[in-house]
Amino acid sequence: MIRIYNTLSQQKEDFRPIQPGKVRMYVCGMTVYDYCHLGHARVLVAFDVITRYLRHRGYDVHYVRNITDIDDKILRRADENGETFTDLTERMISAMHEDEHRLGVLAPNEEPKATDFIDEIIAMIHQLIQKGHAYAADNGDVYFSVDSFDGYGKLSKKKLEDLLAGARVDVDQAKKSPADFALWKAAKPGEVSWQSPWGDGRPGWHIECSAMSTKCLGDTFDIHGGGPDLLFPHHENEIAQSECATGHHFVNTWMHAGAIRVNKEKMSKSLGNFFTIREILDSYPPEVVRYFLVSSHYRSQVDYSEDNLIEAGQTLERLYHALRGVIPGKDVPETDFDHQFHEVMDDDFNTAGAISVLHGVSGALNQARRDGDEDRIRELAAVLVRLGGVLGLLQQDPEAFFKAGVPDDLSAEQIEAMIEARANARKEKNFAEADRIRDELQEKGVILDDSREGTSWRRG
RNA sequence: GGCGCGGUGGCAGAGUGGUUAUGCAGCGGACUGCAACUCCGUGUACGCCGGUUCGAUUCCGACCCGCGCCUCCA
């Protein structure tokens, strides 16, 4: 039985999908006005692992992750760049896909964009007005009336009165209550807009997710996830909109990833302390970044630092070393390691524990190597690749992993030729020449590994 | 101020009412022409103070400290 921590109940619960064997999951994706940063990568990778694991356990997962392609920040950025907002969003969407692909994140089943769901959004707003949960204000905006929904605050555990008492709630004359939020925003002159019964405008941020998730997954679905800062107000507002519009319970399990921090502060756009995925990938192999993210639990905070990335790289190398030179066996049945892996992953996707199982496999594999037990080596290699694959790791050919990133000015053939020259020098006991060749290669970023079987090489 | 989360060995990071993951670094060893790499072995821990218990790092309470949300942010 898989257990998942539910933000709604604040505890781990047995996971029972609405339809046995099928999981319907929605995750809030990117607002595409800039490149993805590490915080986005965390959510992307976390829910990728969750999807992979659920599928590994036999569930048919329908994973929907939206793209917010219209909002204030997009319009402002497009204006600053002197480009149309669609040029900007298309560029950022393809950049996002590139980043995801490099991190080994599988594509969701559906990737709805807000601008493709304007009709559904308008229909839902219309429904909310009819049921008395929303109202058109004098300024052309349409607001959700927070007072009309008794359940408001049940996800974030906030009381409406506390929210109203807070000084940071926007006081807007057009709103009946300061906590009300926009469903439809009237267009300013010259702004991109769509026609609606309440005048030209565009959707508010929260309504798009309600409209798209309902359209793609139905009124009630299993899992809704996202980043830690979406819990309030975004997800709280989604619940209010959806439950008021459909009259049904919205989501069974709410999942939130932990924040990425830099120097003890949350990595965020507003603090400006964020690292984009692409700039991190300039310095570290993508799989190392993924390993770093997966090595701690998805709900915990993690600190981004050079040291942590370097350590992740060293640890990943250890696992690939175990696989080096082995052809994994085929159709290897489940082992005790698989069971251990399932046990920790069943417990709210404990990827840190899962990685420890991976190290257990690699330790056993090394033992088999010492024993010279070829069958056992091939069996364990298969298990390691299989379980690693559930985390989206260890799917590369080990040689490719070790040799990636070698400077272009040195071809594999040249390296092999130098290795051979060194081997000859060593045979003639000309160690000065042998060491000269070794040093020369090291200077160029190539490290030689001597072993009984001969010499292999990898990037430095 | 309101709500929520957390404090584990030098570092990263799981977990558990008693047998104390895993990795990195350190140390010892094997291997090596010498090294590096690799492999094997190995020590150190549960913020503070009370309570419950035969026994608490694990449960309960207080305290200290850190963090997140309450405003756009994954």
Side-chain angles (χ1 to χ4, degrees), chain A residues 7 10 27-31 33-34 36-44 46-47 68 71-73 76 153 156-159 161-170 179 205 225-234 236 256-261 264-272 274 291-292 295-297 299-303 305 307-308 310-319 321-322 324 340 344 347 350-360 362-363 365-367 369-370 402 425-427 429-432 434-435 438-439 442 447-452 455-458 460:
Chain A
T7 309
Q10 297 173 282
V27 172
C28 290
M30 280 273 292
T31 299
Y33 70 102
D34 205 343
C36 294
H37 64 219
L38 230 209
H40 296 110
R42 176 115 201 248
V43 173
L44 256 23
F47 287 97
T68 299
D71 107 310
D72 290 342
K73 294 184 294 298
R76 195 187 318 131
S156 57
K157 321 299 173 204
K158 292 182 191 305
K159 295 194 183 93
E161 59 201 72
D162 294 336
L163 285 174
L164 298 180
R168 297 163 97 183
V169 173
D170 179 32
W205 176 34
D229 35 18
L230 298 184
L231 207 161
F232 187 90
H234 186 56
E236 193 69 64
H256 292 93
I260 300 271
R261 306 197 309 167
K264 308 290 180 191
E265 270 187 329
K266 193 182 82 159
M267 180 180 291
S268 74
K269 291 278 173 78
S270 50
L271 290 170
F274 60 92
Y291 184 94
F292 165 68
S295 63
S296 60
H297 187 90
R299 280 191 286 117
S300 65
Q301 300 185 129
V302 309
D303 280 288
S305 73
D307 286 351
N308 290 347
I310 290 167
E311 188 187 317
Q314 287 170 315
T315 307
L316 187 60
E317 281 182 13
R318 186 181 175 82
L319 294 174
H321 256 292
R324 209 172 185 185
Q340 287 174 30
V344 293
D347 183 11
N350 184 353
T351 51
I355 281 179
S356 132
V357 175
L358 257 38
H359 283 286
S362 91
L365 205 165
N366 290 332
Q367 176 68 51
R369 247 188 233 277
R370 268 173 284 135
F402 285 114
R426 290 175 76 198
K427 218 176 282 174
K429 307 276 187 208
N430 184 357
F431 297 122
D435 290 351
R438 184 169 68 192
D439 292 345
Q442 181 153 18
I447 290 177
L448 300 186
D449 294 327
D450 290 331
S451 74
R452 282 180 190 161
T455 301
S456 57
W457 61 275
R458 63 193 160 86

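Chain letters run A, B, ... following the sequence lines, proteins first and then strands; every chain starts at 1.
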Distance between [atom1] atoms of [N] and [M] (Å, rounded):
N     : M     : atom1 : answer
B/G47 : B/U8  : C1'   : 10 Å
B/C46 : B/C11 : C1'   : 15 Å
B/U58 : B/G7  : P     : 11 Å
B/U22 : B/A14 : P     : 15 Å
B/C48 : B/A25 : C1'   : 29 Å

Classify [X] by what it touches in the nucleic acid, base, sugar-phosphate, or nothing, heavy-atom distance under 4.0 Å.
X        : answer
A/Gly153 : nothing
A/Ile310 : nothing
A/Ser300 : sugar-phosphate
A/Phe232 : sugar-phosphate
A/Ser270 : base
A/Lys159 : nothing
A/Asp450 : base
A/Ser156 : sugar-phosphate
A/Asn350 : sugar-phosphate
A/Ala257 : nothing
A/His256 : nothing
A/Arg318 : sugar-phosphate
A/Leu230 : sugar-phosphate
A/Gln367 : nothing

Nearest-nucleotide 5' precedence on RNA chain B, A/Gln10 against A/Ala432: A/Gln10
5'-most by nearest nucleotide on RNA chain B - A/Gly29 or A/Glu265: A/Glu265
For the side chain of [X] and the base of [N], is some donor closer than 3.5 Å to an acceptor across the two?
X        : N     : value
A/Arg438 : B/A35 : yes
A/Lys73  : B/C73 : no
A/Asp435 : B/G33 : yes

Measure from the side-chain heavy atoms of [X] and tell me the nearest of [options].
X        : options             : value
A/Trp205 : B/C73, B/C39, B/A25 : B/C73
A/Ser356 : B/U22, B/C73, B/C24 : B/U22
A/Arg426 : B/U32, B/G68, B/U22 : B/U32
A/Arg452 : B/C24, B/A14, B/C31 : B/C31
A/Arg458 : B/A74, B/A14, B/C37 : B/C37
A/Lys157 : B/C34, B/A12, B/G4  : B/G4
A/Ala434 : B/A36, B/U22, B/G33 : B/G33
A/Asn308 : B/A14, B/A12, B/A74 : B/A12

I'd like to know if the side chain of [X] and the backbone of [Y] have a donor-acceptor N/O pair within less than 3.5 Å.
X        : Y        : value
A/Arg42  : A/Gln301 : no
A/Gln340 : A/Val357 : no
A/Asn308 : A/Phe292 : no

Under 4.0 angstrom between [X] side-chain N/O and [N] OP1 or OP2:
X        : N     : result
A/Asn366 : B/C39 : yes
A/His359 : B/U22 : no
A/Arg370 : B/C40 : yes
A/Lys264 : B/C67 : no

In whole Å, I'd like the distance from the [atom1] atom of [X] to the [atom2] atom of [N].
X        : N     : atom1 : atom2 : result
A/Arg369 : B/U38 : CZ    : C1'   : 10 Å
A/Met267 : B/A74 : CE    : P     : 13 Å
A/Asp449 : B/C31 : CG    : P     : 18 Å
A/Arg261 : B/C69 : CZ    : P     : 11 Å
A/Asp34  : B/C72 : CG    : C1'   : 13 Å
A/Lys158 : B/G4  : NZ    : C1'   : 8 Å
A/Phe431 : B/A35 : CZ    : P     : 12 Å
A/His297 : B/G13 : NE2   : P     : 13 Å

Contact summary for A/Cys28 and A/Leu230, nearest pair of heavy atoms: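 Scanning both residues, the minimum pair turns out to be CB-CD1, 3.5 Å.
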Which atom of A/Ile260 lies closest to which atom of A/Gly39, heavy atoms considered: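 The answer is CG1-CA, 3.9 Å.
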Stepwise side-chain contact (heavy atoms from CB on, under 4.5 Å) check, A/Met30 with A/His40: CA-CA 8 Å; A/Met30 280 273 292; A/His40 296 110; 3.1 Å; yes
Electrostatic pair A/Asp449:A/Arg324 at N-O distance under 4.0 angstrom: yes
Ring geometry between A/His234 and A/Trp205 (parallel below 30°, tilted from 30 to 60°, perpendicular above 60°):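 The rings of A/Trp205 and A/His234 lie parallel, inter-plane angle below 30°.
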RNA chain B stem ranges, 3 or more consecutive Watson-Crick or G-U pairs under 3.5 angstrom: B:1-7 with B:64-70, B:10-12 with B:22-24, B:26-30 with B:38-42, B:49-51 with B:59-61
Check against side-chain contact (heavy atoms from CB on, under 4.5 Å), A/Arg426 and A/Asp450: CA-CA 12 Å; A/Arg426 290 175 76 198; A/Asp450 290 331; 3.6 Å; yes
Verdict with reasoning, A/Gln10 to A/Lys157, per side-chain contact (heavy atoms from CB on, under 4.5 Å): CA-CA 10 Å; A/Gln10 297 173 282; A/Lys157 321 299 173 204; 3.2 Å; yes
